[in-house]
Amino acid sequence: IINKSNNQSSSAVFYLQRSGNSWKIFDLAVEGVSIVKNFREQFDSFKSMKDLLDKLAVLNKAAEASK
């Protein structure tokens with residue numbers, strides 16, 4: 001991957017898994033940072049989808065109040 005603004009390159013690794021007659025990407029790591037692992041860690045503290053939605057509602061309400 002090459003950054004257009006400064007022409008520096010970064011490494012990217014695609015993790016593939018065979019699914020029938022095709023291959024599917026199941027993770028991507030840029031400069032050693034896994035997108036899937038990072039995503040899971042961000043949302044790991046929520047025990048359920050309801051907890052996540054409740055938190056989003058609180059954050060949205062706070063953002064509206066600060067406008």
Side-chain angles (χ1 to χ4, degrees):
I1 298 175
I2 298 184
N3 184 329
K4 287 184 178 183
S5 65
N6 63 12
N7 226 20
Q8 289 186 333
S9 64
S10 300
S11 66
V13 177
F14 294 87
Y15 295 93
L16 305 170
Q17 184 171 17
R18 188 145 180 94
S19 176
N21 292 329
S22 62
W23 290 90
K24 309 281 182 181
I25 297 173
F26 69 90
D27 195 5
L28 163 67
V30 178
E31 290 296 321
V33 178
S34 162
I35 301 299
V36 171
K37 184 177 177 184
N38 192 300
F39 179 82
R40 284 184 181 150
E41 287 174 357
Q42 286 182 17
F43 294 97
D44 207 27
S45 63
F46 298 101
K47 291 184 170 74
S48 68
M49 182 59 79
K50 182 183 179 324
D51 291 341
L52 174 60
L53 294 174
D54 290 346
K55 179 64 173 182
L56 289 172
V58 169
L59 293 172
N60 286 332
K61 193 173 187 178
E64 286 295 318
S66 68
K67 285 184 178 180

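Note that the numbering runs from 1 along the sequence shown for the chain.
If you chain together ILVMFWY residues whose side-chain heavy atoms come under 4.5 Å of each other, Leu16 ends up grouped with Ile1, Phe14, Trp23, Ile25, Leu28, Val30, Ile35.
Other residues, nucleotides and ligands contribute over 12 non-hydrogen atoms within 6.0 Å of the CG atom of Asn3.
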Identify all side-chain donor-acceptor contacts of residues 37-46 below 3.5 Å with residues at least two apart in sequence or on another chain.
residue : atom : partner : partner atom : Å
Asn38   : OD1  : Gln42   : NE2          : 2.8

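With sequence neighbours excluded, no residue satisfies side-chain hydrogen bond (donor to acceptor under 3.5 Å, both in side chains) with Ser10. In this structure Glu31 satisfies the side-chain hydrogen bond (donor to acceptor under 3.5 Å, both in side chains) test with no other residue, sequence neighbours excluded.
For the pair Asp54 and Lys50, the salt-bridge criterion is met [side-chain N within less than 4.0 Å of a carboxylate O].
Asp27 contributes atom CG, which lies 3.5 Å from atom OG of Ser34 (distance to the nearest 0.5 angstrom). The CG atom of Asn60 sits 6.5 Å away from atom CG of Leu56, with the distance rounded to the nearest 0.5 Å.
For residues 12-22, the set of pairs meeting the side-chain hydrogen bond (donor to acceptor under 3.5 Å, both in side chains) definition, not counting sequence neighbours, is empty. Residue pairs that meet the salt bridge (Lys or Arg N to Asp or Glu O under 4.0 Å) test with at least one member in residues 58-67, sequence neighbours left out, are Glu64-Lys67.
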